[in-house]
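First the structure, in the form of structure tokens, and then the observations on it.
We use all heavy atoms of the structure for the numbers below, so side chains are in, but hydrogens, waters and symmetry mates are not. Each chain gets a letter, A, B and so on, in the order its sequence line appears, and its residues count up from 1.
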Protein chains: 2
Amino acid sequence: MATSARVTLADVAKAAQVDVSLVSRVLRGESVRVREETRQRILEQASMLGYRPNAIARSLRSARAGAYGLVIPDFTNPVYAHIISGAEEAAAARGSVVMTSTGSGWDPAAWYDAVDGGRVDGLLVAGGPTLDMSRLAVPYVLVNRAVPGGRRYVVLDDARASRMAVDHLIGLGHSRIVFLGGPDDADTAQRRRAGFEAALRDAGLDVPEVRLNGDYSAAGGREAMASALRAGPAFTAVVAANVPSALGAMEALREAGVEIPADVSLIAVHDAEIAEYVSPALTTVKMPLHELGARAIDLLARTPADEPIEEVVAQPMELTIRASTGPAPR
Amino acid sequence: MATSARVTLADVAKAAQVDVSLVSRVLRGESVRVREETRQRILEQASMLGYRPNAIARSLRSARAGAYGLVIPDFTNPVYAHIISGAEEAAAARGSVVMTSTGSGWDPAAWYDAVDGGRVDGLLVAGGPTLDMSRLAVPYVLVNRAVPGGRRYVVLDDARASRMAVDHLIGLGHSRIVFLGGPDDADTAQRRRAGFEAALRDAGLDVPEVRLNGDYSAAGGREAMASALRAGPAFTAVVAANVPSALGAMEALREAGVEIPADVSLIAVHDAEIAEYVSPALTTVKMPLHELGARAIDLLARTPADEPIEEVVAQPMELTIRASTGPAPR
DNA sequence: CTGAAAGCGCTTACAG
DNA sequence: CTGAAAGCGCTTACAG
């Protein structure tokens with residue numbers, strides 16, 4: 001640990017009695033015609049001295065960071081964990097991906113500088129505060145968010161997820177279905193609601209007038225459901241915009257003595273490990289978050305910085321039937 | 001977005017008709033005596049040109065990265081989110097903190113190079129595979145893990161957390177209490193078990209022979225609890241080593257028709273938002289994860305790289321009583 | 001108060 | 001097959 005000064009290319013070159021440029025080429029495995037004997041000597045000395053390339057110097061010279069940035073608003077939300085793993089997998093061949101958050105004590109000005117200072121070759125922005133991407137010189141892709149101004153984004157097929165949820169409920173005989181939405185300023189929430197309403201209309205059902213507005217949080221879901229119940233539950237099934245709000249709704253239903261799924265069926269968009277461990281276990285539509293992260297890196301790496309990106313990742317999306325949905329009560 | 005070539009210090013210097021060195025000093029706010037008029041001209045040109053310092057060049061020259069690394073094994077575990085927020089808060093004044101994971105497709109060799117290439121001034125390692133830190137030149141601190149070889153770590157007072165859980169149960173009249181442990185090779189799990197057993201002994205109670213060995217996961221907790229129930233439940237209360245295993249145990253108890261807390265009380269070490277939204281809501285001992293992350297950055301930044309660090313973060317630790325614990329059945 | 005120069009550790013044409 | 005040189009964009013003594 002930091003026992004001696006760092007060993008540099010020059011140290012290896014001196015030990016192997018060659019020029020630094022040759023060491024550089026050999027160590028990077030560049031296709032260079034070099035005498036086998038010399039190559040061995042270089043490799044040997046590098047290993048003996050414990051040489052490790054200075055990524056900073058390399059980056060400065062080559063103008064490539066060898067890393068992508070991924071901005072996360074909130075690490076407590078497991079949704080991001082799956083996006084991260086997809087991004088890492090896709091980036092593995094090209095370099096690493098480093099995560100930063102816009103959470104506690106986030107300073108926008110410092111952030112723009114930090115992120116745009118050449119430390120990353122590109123930036124994935126997943127949720128969080130609306131950033132002015134035009135201030136940045138580094139190429140970016142917005143993940144799971146299609147904002148009007150942002151011309152480069154990858155989103156999920158939110159509408160289709162809602163539709164799958166509705167179809168499942170209709171298949172169980174439900175006709176009075178409400179939507180427990182997310183925050184209206186989140187475009188994902190808007191698309192999920194739109195998909196929900198379209199699915200009802202396509203099935204010839206009325207879109208209920210009652211609107212449950214949550215905010216994607218458990219507390220918000222609980223509150224929205226509680227007030228809907230006070231108004232008198234004119235529904236037999238609920239599609240929740242995400243898992244946390246479904247858990248909150250479940251709590252409110254339980255407190256009101258409403259049985260799930262005997263009285264009311266509940267299904268959520270998105271999956272989460274926890275869905276399996278609540279009671280009753282929560283039926284969900286699992287979204288391709290891993291694929292979303294992977295695709296975002298792919299696009300970031302391959303698309304010229306001045307070209308727009310408008311991509312929808314639709315596959316695979318899977319209905320995971322658990323215990324919270326059942327036949328409509330008569 | 002990448003419309004023009006990056007603007008450098010030289011560009012600003014030329015526009016302001018001064019030397020780059022002066023621009024550098026003024027822009028960094030270095031206490032330099034400079035004519036006010038010149039200063040204004042420099043600031044103005046920098047802003048007009050949209051100058052943003054190249055962090056890479058700065059790092060190379062100053063041998064400071066201005067960033068700390070934080071290695072996370074698994075972003076789906078919300079425990080890490082709290083460590084992250086603490087670390088970010090503590091690092092804010094000194095620079096940023098970037099997270100990387102040892103998850104999907106993690107390549108150790110590439111990792112050692114990437115992390116040790118000068119991109120970070122120090123490294124926090126929270127859980128995950130056992131890394132050979134002696135291979136690294138960069139200073140590090142192990143977070144929440146006290147391994148024999150590692151001479152630099154910050155941990156929580158796991159034993160005390162277990163003790164608080166046991167004391168709570170004893171206060172409710174329980175005397176037959178079992179421990180649903182974590183993986184035996186995790187030192188946190190060992191300390192939690194040790195604290196559990198010590199607390200029982202101090203209270204004059206027998207340490208039960210039955211050992212429930214989970215693996216910190218919901219599936220593991222469920223399985224361990226199920227097999228304990230098959231053997232005949234000789235206990236009225238359970239201390240779970242973490243929240244996920246408690247949720248699994250809850251599921252197994254439910255399946256076996258055991259009422260919580262009427263038949264068996266359940267309490268978990270660590271807290272999580274989800275604890276509030278399961279039924280019954282889970283009583284927990286909340287650990288100071290945020291403080292752990294903050295303290296780790298502090299120590300990393302202030303301790304010379306060759307000095308050992310052995311620190312325990314004990315405060316604040318809080319019993320959060322919810323619905324899963326109650327009086328012992330008679 | 002301001003400038004000129006050296007150099008951080010690499011990579012990359014250019015020579016020979 | 002190998003070397004010498006330039007230069008990435010900064011910071012930091014050293015001058016004056």
**Study point:** Residue whose closest nucleotide on DNA chain D lies nearer the 5' end, V20(A) versus R39(A)
**Key:** R39(A)
Study note, to complete from the structure: Of dT2(D), dG3(C), dT11(C), the nucleotide closest to the side chain of V18(B) is dG3(C)
Cut-off 3.5 Å, no hydrogens considered: what does the side-chain donor-acceptor table look like for residues 119-127 of chain B, sequence neighbours left out?
{"from": "R119(B)", "atom 1": "NH1", "to": "A65(A)", "atom 2": "O", "distance (Å)": "2.6"}
{"from": "D121(B)", "atom 1": "OD1", "to": "A65(B)", "atom 2": "N", "distance (Å)": "2.6"}
{"from": "D121(B)", "atom 1": "OD2", "to": "A65(B)", "atom 2": "N", "distance (Å)": "3.3"}
{"from": "D121(B)", "atom 1": "OD2", "to": "G66(B)", "atom 2": "N", "distance (Å)": "2.8"}

Taking atom [atom2] of [N] as reference, at what distance in whole Å does atom [atom1] of [X] sit?
X: L9(A); N: dG9(C); atom1: CG; atom2: C1'; answer: 8 Å
X: R64(B); N: dT12(D); atom1: CZ; atom2: P; answer: 10 Å
X: E36(B); N: dT2(C); atom1: CD; atom2: P; answer: 11 Å
X: L22(B); N: dG9(D); atom1: CG; atom2: P; answer: 20 Å
X: R52(A); N: dC10(C); atom1: CZ; atom2: P; answer: 13 Å
X: R28(B); N: dC10(D); atom1: CZ; atom2: C1'; answer: 9 Å
X: L27(A); N: dT12(C); atom1: CG; atom2: C1'; answer: 16 Å
X: D113(B); N: dC10(C); atom1: CG; atom2: P; answer: 12 Å

Set out, line by line, the N/O atom pairs under 3.5 Å between protein and nucleotides 13-16 of chain C.
{"from": "dA13(C)", "atom 1": "N6", "to": "R25(A)", "atom 2": "NH1", "distance (Å)": "3.3"}

Acceptor/donor pairs from residues 39-51 of chain A side chains to any protein atom, 3.5 angstrom cut, sequence neighbours excluded:
{"from": "Q40(A)", "atom 1": "NE2", "to": "E36(A)", "atom 2": "OE2", "distance (Å)": "2.9"}
{"from": "R41(A)", "atom 1": "NE", "to": "A16(A)", "atom 2": "O", "distance (Å)": "2.9"}
{"from": "R41(A)", "atom 1": "NH2", "to": "A16(A)", "atom 2": "O", "distance (Å)": "3.2"}

Any protein N or O atoms within reach of nucleotides 6-8 of chain D? Criterion: under 3.5 Å, listing atom names and distances.
{"from": "dG7(D)", "atom 1": "N2", "to": "R61(A)", "atom 2": "NH1", "distance (Å)": "3.3"}
{"from": "dC8(D)", "atom 1": "O2", "to": "R61(A)", "atom 2": "N", "distance (Å)": "3.4"}

Review point. For Y216(A), what residues pass the ring-ring contact (aromatic ring centres under 6.0 Å, His included) criterion, not counting sequence neighbours?
Key: none
So, using side-chain hydrogen bond (donor to acceptor under 3.5 Å, both in side chains) as the criterion, who are the partners of [X] when residues are at least two apart?
X: D116(B); answer: R52(A)
X: D107(B); answer: none
X: E311(B); answer: R295(B)

Point to revise | Aromatic ring proximity, centroids under 6.0 angstrom, F75(B) and Y80(B) | key: no
**Study point:** OP1 or OP2 of dG9(D) under 4.0 Å from side-chain N/O of R6(B)
**Key:** no
Check your understanding: Hey, does the side chain of R35(A) come within less than 4.0 Å of dC1(D)'s phosphate (OP1/OP2), counting only N and O?
Key -> no
**Study point:** Step-by-step side-chain hydrogen bond (donor to acceptor under 3.5 Å, both in side chains) determination, T76(B) to E273(A)
**Key:** CA-CA 9 Å; T76(B) 60; E273(A) 209 206 351; 5.9 Å; no
Review point. When all nucleic acid strands are considered with a 4.0 Å heavy-atom cut-off, which category describes T38(A): base, sugar-phosphate, or nothing?
Key: sugar-phosphate
**Study point:** Validation row: V12(B), V7(B) side chains within 4.5 angstrom (heavy atoms)
**Key:** yes
**Study point:** side-chain contact (heavy atoms from CB on, under 4.5 Å) against V312(A), all qualifying residues, sequence neighbours excluded
**Key:** V155(A), D157(A)
Point to revise | Partners meeting side-chain contact (heavy atoms from CB on, under 4.5 Å) with D185(B) (sequence neighbours left out) | key: P183(B)
Practice item. Treating a pair as Watson-Crick (purine N1 to pyrimidine N3 plus N6-O4 or O6-N4) or G-U wobble (N1-O2 and O6-N3) with both distances under 3.5 Å, list the stems of 3 or more consecutive pairs that involve DNA chain C. Key: C:1-3 with D:14-16, C:5-12 with D:5-12, C:14-16 with D:1-3
Practice item. Please collect all side chain to side chain donor-acceptor pair (under 3.5 Å) contacts where either partner lies in residues 55-71 of chain A, sequence neighbours excluded, each pair once. Key: none
